[in-house]
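Some notes on the structure that comes next.
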Protein chains: 2
Amino acid sequence: MPYPSVLPRVAASNVISIRDLRARCATCSMRELCLPTGLDADAMRELDLLVTTRRRFKKGESVFRSGDRFVALYAIRSGSCKTTVLTEDGREQVSGYHMPGEMMGFDGIGSDLHRCQAVALEDTQVCEIPFDRLEALSRRLAPLQHNLHRLLSREIGSDENLLLVLGSMRAEERVAAFLLNLSSRYRQRGYSSTEFVLRMTRDEIGSYLGLKLETVSRLLSRFQAAGLIRVQRKTVKILDPHALKAMVNERE
Amino acid sequence: MPYPSVLPRVAASNVISIRDLRARCATCSMRELCLPTGLDADAMRELDLLVTTRRRFKKGESVFRSGDRFVALYAIRSGSCKTTVLTEDGREQVSGYHMPGEMMGFDGIGSDLHRCQAVALEDTQVCEIPFDRLEALSRRLAPLQHNLHRLLSREIGSDENLLLVLGSMRAEERVAAFLLNLSSRYRQRGYSSTEFVLRMTRDEIGSYLGLKLETVSRLLSRFQAAGLIRVQRKTVKILDPHALKAMVNERE
DNA sequence: CGACTAGTTGAGGCCAGTCAATGTTGGTGG
DNA sequence: CCACCAACATTGACTGGCCTCAACTAGTCG
């Protein structure tokens, strides 16, 4: 009721029927990475009652924009998104690259406004979780409350990790760290950790890493020449993960 | 009881008596920026029962270290701290500069281990808030729960703001943004926004901004030569805030 | 097929890093 | 009180890594 649907009635009933058939948290393949981690059946059912809206976004569409009123968190069910922060003068900085099981929108809690923007990098399904109802439910369910805190904390951890990359690494190390980060997150999700598709453009990767697109391109080429990876446009195959790790860790 | 004091009994009773006299949340000058924001008297009293430990740290002492078990959040009552993240090979990156009313330690919730280190930059008083008890209390007190979420979100926002600085600004802009950030946070706390003391060394400022100490020093000198600020070692006076703002915002 | 976007690669310049010398400040002990 | 020392800060000269500008190639879509 507090979240009136913009969709026509037919579409709404479609959404519900899809949900009943297969799009519930209880059967979501990402449940162990997302809010439901470790919840019992009852708790899971209650959580499922919150998540009534699941949306599909095509590549390039925005899940939320900077300045939008904050009403919900968004969990990626499939696909991927980037989040970007904007300067007052319009420069854009990619602050995150989000995969299935990850949540977006945390930055809006503090001010009731989203301060960043989330854009789908491919066709993407997103679960919308009304935040006031999530707060209410997590007051009753301690494990859910703790999961929410863990996810918030994880977001802080990944931001601080990126700070470390941007603040103290050279271009070569940044790109190596980026590839390794993707690799381990794909592994976590059951995908190949050695061969994957970069959903972002060179320009977006550059923005994420504080580099220019030419630098990213050059370094990927150089890694390939050195036999560390194989790149073909967006497809990357990691041939020598050990050498990449050495590149990130070793210094002085 | 679950948090045995390391202090001798006499010191412990000292701490308690100080608390009863004046060191309660209800009378803390930072309460409007910290957890108690907007709580009624009853809620405030309950929160006060959690915060039984307040510690003093001398300059250079650690509030918590990377790898410590996470049991509590830490609110700065007076003084200031830096938080640093460490790479596996021992490089250190300053990830935050914390003032009274700000909380530290959020990064530990996710993994039950602190992944960064907090060090006092001057004599500092810190309130220790046992996290499991805070979670329990915030299940009963919705406003407290929301405050906790706001603070977590605020931490994400400030990290992402720093990402923007590190990822997209030139050295000159970074230093200007840093000065303006300090200025507005001092104003929030009722201190002068135009004249303040930099508690960090040039090296620490450099680490925070992804620059070398010489670069920081040169830029402060250059700003002074241009009449934007006056610097004398750690003391800074902002003479032309408007020009500093223009430096951060304007670009193409 | 042409127009467009994304990516690669090269040449040259500049900003910030590196190395090094000197200055300043505050603390300690004679 | 002063001498001494260590830590912090400033400044200069030089270097080099990344950016800028630019040309070209490879896919993509109407």
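Remember, it's a predicted structure, so these values are computed and weren't measured experimentally. Any value given below was found using the heavy atoms of this structure, including those in side chains, with hydrogens, waters and symmetry copies removed. Naming: A, B, ... by sequence-line order, numbering from 1 per chain.
For the contact set between residues 233-241 of chain B and DNA chain D, defined by any heavy atom under 4.0 Å, the members are Arg233(B), Lys234(B).
Taking atom NZ of Lys59(B) as the reference point, atom C1' of dT25(C) lies 11 Å away to the nearest angstrom. The nearest whole Å value for the distance from the CE atom in Met169(A) to the C1' atom in dG17(C) is 18 Å. Taking atom CG of Leu220(A) as the reference point, atom P of dC18(D) lies 14 Å away to the nearest angstrom. Counting to the nearest Å, the C1' atom of dG17(D) and the CZ atom of Arg174(A) are 11 Å from each other. Taking atom CD of residue Glu172(A) and atom P of nucleotide dC18(D), one finds them 8 Å apart after rounding to whole Å. If you measure from atom CG of Leu219(B) to atom P of dC15(C), you get 12 Å, rounded to the nearest angstrom. The distance from atom CG of Leu211(B) to atom C1' of dG17(D) is 15 Å, rounded to the nearest whole Å. Rounded to whole Å, atom P of dG23(C) lies 18 Å from atom CZ of Arg202(B).
Every residue two or more places apart in sequence or in another chain that forms a ring pair (Phe, Tyr, Trp, His ring centres under 6.0 Å) with Phe64(B) is listed here: Tyr74(B), His114(B). Checked against salt bridge (Lys or Arg N to Asp or Glu O under 4.0 Å), Glu122(B) has the following partners two or more places apart in sequence or in another chain: Arg199(B). Legend: residues meeting side-chain hydrogen bond (donor to acceptor under 3.5 Å, both in side chains) with Ser29(B), ordered by chain and number and at least two apart, are absent. For Gln117(A), the side-chain hydrogen bond (donor to acceptor under 3.5 Å, both in side chains) partners two or more places apart in sequence, or in a different chain, are Ser62(A). The side-chain contact (heavy atoms from CB on, under 4.5 Å) check on Ser153(B) picks up Ile109(A), with sequence neighbours excluded. Partners of Ser192(B) according to the side-chain contact (heavy atoms from CB on, under 4.5 Å) rule, which considers only residues two or more places apart in sequence or in another chain, are Thr194(B), Glu195(B).
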Counting only pairs under 3.5 Å, give me each side-chain donor-acceptor contact of residues 229-244 of chain A, with atom names and distances, residues two or more places apart or in other chains.
{"from": "Lys234(A)", "atom 1": "NZ", "to": "Met200(A)", "atom 2": "O", "distance (Å)": "3.4"}
{"from": "Asp240(A)", "atom 1": "OD1", "to": "His242(A)", "atom 2": "N", "distance (Å)": "3.4"}
{"from": "Asp240(A)", "atom 1": "OD1", "to": "Ala243(A)", "atom 2": "N", "distance (Å)": "3.1"}

I'd like a table of donor-acceptor pairs (distance under 3.5 Å, sequence neighbours excluded) in which one partner is a side-chain atom from residues 95-107 of chain B, with atom names and distances.
{"from": "Ser95(B)", "atom 1": "OG", "to": "Thr83(B)", "atom 2": "O", "distance (Å)": "3.3"}
{"from": "Ser95(B)", "atom 1": "OG", "to": "Thr83(B)", "atom 2": "OG1", "distance (Å)": "3.3"}
{"from": "His98(B)", "atom 1": "NE2", "to": "Thr83(B)", "atom 2": "OG1", "distance (Å)": "3.1"}
{"from": "Glu102(B)", "atom 1": "OE1", "to": "Met99(B)", "atom 2": "N", "distance (Å)": "2.9"}
{"from": "Glu102(B)", "atom 1": "OE1", "to": "Arg185(B)", "atom 2": "NH2", "distance (Å)": "3.1"}
{"from": "Glu102(B)", "atom 1": "OE2", "to": "Arg185(B)", "atom 2": "NE", "distance (Å)": "3.3"}
{"from": "Glu102(B)", "atom 1": "OE2", "to": "Arg185(B)", "atom 2": "NH2", "distance (Å)": "3.2"}
{"from": "Glu102(B)", "atom 1": "OE2", "to": "Arg189(B)", "atom 2": "NH2", "distance (Å)": "3.3"}
{"from": "Asp107(B)", "atom 1": "OD2", "to": "Arg115(B)", "atom 2": "N", "distance (Å)": "2.8"}
{"from": "Asp107(B)", "atom 1": "OD2", "to": "Cys116(B)", "atom 2": "N", "distance (Å)": "3.0"}

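Using a cutoff of 4.0 Å between basic side-chain nitrogens and carboxylate oxygens, Arg54(B) and Glu128(B) are not scored as salt-bridged. Arg222(B) and Glu172(B) are joined by a salt bridge, as a carboxylate oxygen and a charged side-chain nitrogen come within less than 4.0 angstrom of each other.
Between Arg170(A) and the phosphate of dG17(D), there is no side-chain N or O to OP1/OP2 separation shorter than 4.0 Å.
Over its full length, the helix from dC1(C)-dG30(D) to dG30(C)-dC1(D) turns its helical axis through 40°, comparing axes from the five pairs at each end and rounding to 10°.
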Each nucleotide N or O in nucleotides 9-12 of chain C that has a protein N or O under 3.5 Å away: list the pair and distance.
{"from": "dT9(C)", "atom 1": "OP2", "to": "Ser221(A)", "atom 2": "OG", "distance (Å)": "2.6"}
{"from": "dG10(C)", "atom 1": "N7", "to": "Arg218(A)", "atom 2": "NH1", "distance (Å)": "2.7"}
{"from": "dG10(C)", "atom 1": "O6", "to": "Arg218(A)", "atom 2": "NH2", "distance (Å)": "3.2"}

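Counting non-hydrogen atoms under 4.0 angstrom, Gly210(B) reaches the backbone sugars and phosphates but no base.
Looking at which nucleotide of DNA chain D each of Lys212(A) and Gln232(A) is closest to, the 5′-most match is held by Lys212(A).
Within the structure, the salt bridge (Lys or Arg N to Asp or Glu O under 4.0 Å) test picks out no pair touching residues 59-71 of chain B (sequence neighbours left out).
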